[in-house]
Participant: 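Starting off with a structure, shown below.
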Amino acid sequence: MRARRSAIKLVLVCFAICFCWGSLQSMQVLSRLVPSIQSKSVSATTTRKLAAVAQPQNTMGRGSLRKIDHNSLHHTKGAWWLESWFHFSFASYYNPNNMNFGALRVINDDYIKGPSGFGKHPHRDAEIFTYIVEGQLSHEDSMGNKEALPRGCVQYLSAGTGITHSEFNHDKETVRSLQIWMTPDSRGHTPQYGSSRYVKEDRHNKLLLILGGTTAVPSWQGVAPGKGINLHQVCICCLPNQF
């Protein structure tokens with residue numbers, strides 16, 4: 001469990017770095033569950049790669065570094081089946097000083113007990129993606145997409161002009177997922193849905209590019225190409241090898 005929590009922190013670091021470039025404002029480090037990035041479960045190679053990624057690139061501009069301590073996250077139990085940690089204002093949690101960070105609007109660390117989940121609900125003008133940490137999450141939407149995604153998969157939903165969808169855990173095992181929202185580069189995009197499936201070998205001893213955006217990916221050493229999910233925003237997102 002401790003090793004997995006360290007891995008969760010690493011992936012949030014990567015998400016934050018990528019998205020804050022996307023906001024064209026700065027970089028942000030998000031931490032969850034463990035107070036330090038140092039852990040026996042994290043290799044020196046991974047730490048060096050993350051440090052290299054955190055350096056401002058000439059093509060992306062410079063910015064500041066911000067850390068959100070894991071103790072400051074909002075912990076909530078929205079229902080008998082749902083337990084979450086919010087990085088920003090969301091649902092019943094409202095803090096006008098913590099609404100977003102540039103284009104990055106939501107990072108929720110969700111635990112979903114089965115059999116239950118999020119019933120059909122609408123979205124509009126939001127870029128939403130989910131990384132499945134544990135269990136299997138079932139998706140269904142108004143465009144006719146329907147699939148079940150196990151651990152290691154990435155799900156992408158561009159709400160655009162409007163879409164409805166549901167996300168369910170139909171099994172006994174608790175699903176853990178990272179749900180991330182971004183503000184799109186403009187309103188009114190055509191709704192779309194996509195997903196990518198990965199195995200451990202895809203990310204072992206490398207940074208795996210799982211999401212792209214509207215600009216070219218920087219030329220970083222040791223970054224493995226992903227499967228081409230692109231957000232309507234200037235961003236890139238890599239998955240660290242320990243996750």
Side-chain angles (χ1 to χ4, degrees), residues 4 7-16 18-19 22 30 32 73 76 78-79 81-88 90-91 100 103-114 116-143 145-160 163-171 173-184 191-199 202-203 208-213 226-233 235-240 243:
R4 180 58 49 79
I8 293 292
K9 179 175 179 178
L10 285 175
V11 78
L12 289 181
V13 169
C14 277
F15 282 149
C18 297
F19 282 126
L30 304 169
R32 157 91 164 91
L73 303 188
T76 180
W81 52 270
L82 177 64
E83 185 173 11
S84 304
W85 280 262
F86 298 158
H87 287 76
F88 304 102
F90 188 82
N100 62 290
L104 182 60
R105 177 63 187 87
V106 170
I107 296 184
N108 293 348
D109 190 352
D110 292 332
Y111 291 74
I112 307 167
K113 294 181 180 179
S116 195
F118 301 97
K120 187 177 292 184
H121 58 282
H123 289 288
R124 185 183 181 94
D125 291 320
E127 305 291 291
I128 303 169
F129 77 92
T130 303
Y131 182 81
I132 314 301
V133 182
E134 296 286 356
Q136 180 169 277
L137 190 65
S138 295
H139 167 92
E140 187 170 0
D141 63 45
S142 55
M143 295 185 294
N145 299 297
K146 185 177 182 179
E147 65 176 338
L149 298 169
R151 163 166 162 71
C153 292
V154 181
Q155 176 198 86
Y156 164 52
L157 179 68
S158 179
I163 190 173
T164 59
H165 75 118
S166 62
E167 308 293 335
F168 267 85
N169 174 13
H170 294 297
D171 301 321
E173 179 186 359
T174 297
V175 168
R176 185 180 187 184
S177 65
L178 297 175
Q179 182 182 172
I180 295 94
W181 295 19
M182 289 186 69
T183 302
Q192 59 179 318
Y193 171 83
S195 63
S196 294
R197 295 172 182 264
Y198 298 103
V199 296
D202 293 326
R203 59 185 180 271
L208 175 64
L209 179 66
I210 60 174
L211 290 167
K227 298 177 181 178
I229 296 178
N230 289 315
L231 303 171
H232 293 298
Q233 187 51 269
C235 66
I236 47 94
C237 185
C238 298
L239 189 68
F243 195 64

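The structure presented is a predicted model; accordingly, all values stated were derived computationally and were not measured.
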Participant: Report the distance from atom NZ of Lys113 to atom CG of Asp171, rounding to the nearest 0.5 Å.
Facilitator: 15.5 Å
Participant: For Ala159, which residues count as a side-chain contact (heavy atoms from CB on, under 4.5 Å) partner, sequence neighbours excluded?
Facilitator: His123, Ile163
Participant: Do Val154 and Tyr131 touch side chain to side chain, with heavy atoms closer than 4.5 Å?
Facilitator: yes
Participant: Please check if the distance between the ring centroids of Trp81 and Phe118 is under 6.0 Å.
Facilitator: yes
Participant: Indicate, with yes or no, if the rings of Trp181 and Phe90 have centres closer together than 6.0 Å.
Facilitator: yes
Participant: Under the salt bridge (Lys or Arg N to Asp or Glu O under 4.0 Å) test, which residues partner Glu147, sequence neighbours left out?
Facilitator: Arg197
Participant: Roughly how far apart are Ser84 OG and Ile107 CD1, rounded to 0.5 Å?
Facilitator: 13.5 Å
Participant: When you measure from the side chain of Glu83 to the backbone N and O of Tyr111, does any donor-acceptor pair fall under 3.5 Å?
Facilitator: no
Participant: Between the side chains of Glu167 and Gln155, does any donor sit under 3.5 Å from an acceptor?
Facilitator: yes
Participant: Enter the distance from Asp110:CG to Thr174:OG1 here, rounded to the nearest 0.5 Å.
Facilitator: 12.0 Å
Participant: Please round to the nearest 0.5 Å and tell me the distance separating atom CD1 of Ile180 and atom OG1 of Thr130.
Facilitator: 7.0 Å
Participant: Supply the atom-to-atom distance Leu157 CG to Gln192 CD, rounded to the nearest 0.5 angstrom.
Facilitator: 9.0 Å
Participant: Quick check against the 3.5 Å criterion: does Arg105 have a side-chain atom that pairs as donor or acceptor with the backbone of Met182?
Facilitator: no
Participant: Between Tyr193 and His139, is the gap from one ring center to the other below 6.0 Å?
Facilitator: yes
Participant: Which value, rounded to the nearest 0.5 Å, describes the distance between Ser138 atom OG and Asn169 atom CG?
Facilitator: 7.5 Å
Participant: Only counting residues at least two apart or in another chain, list the ones meeting side-chain contact (heavy atoms from CB on, under 4.5 Å) with Phe168.
Facilitator: Ser166, His170
Participant: Sub-3.5 Å donor-acceptor pair from the side chain of His165 to the main-chain atoms of Pro122, do we have one?
Facilitator: no
Participant: State, with a plain yes or no, whether a side-chain heavy atom of Leu137 is found less than 4.5 Å away from one of Ile112.
Facilitator: yes
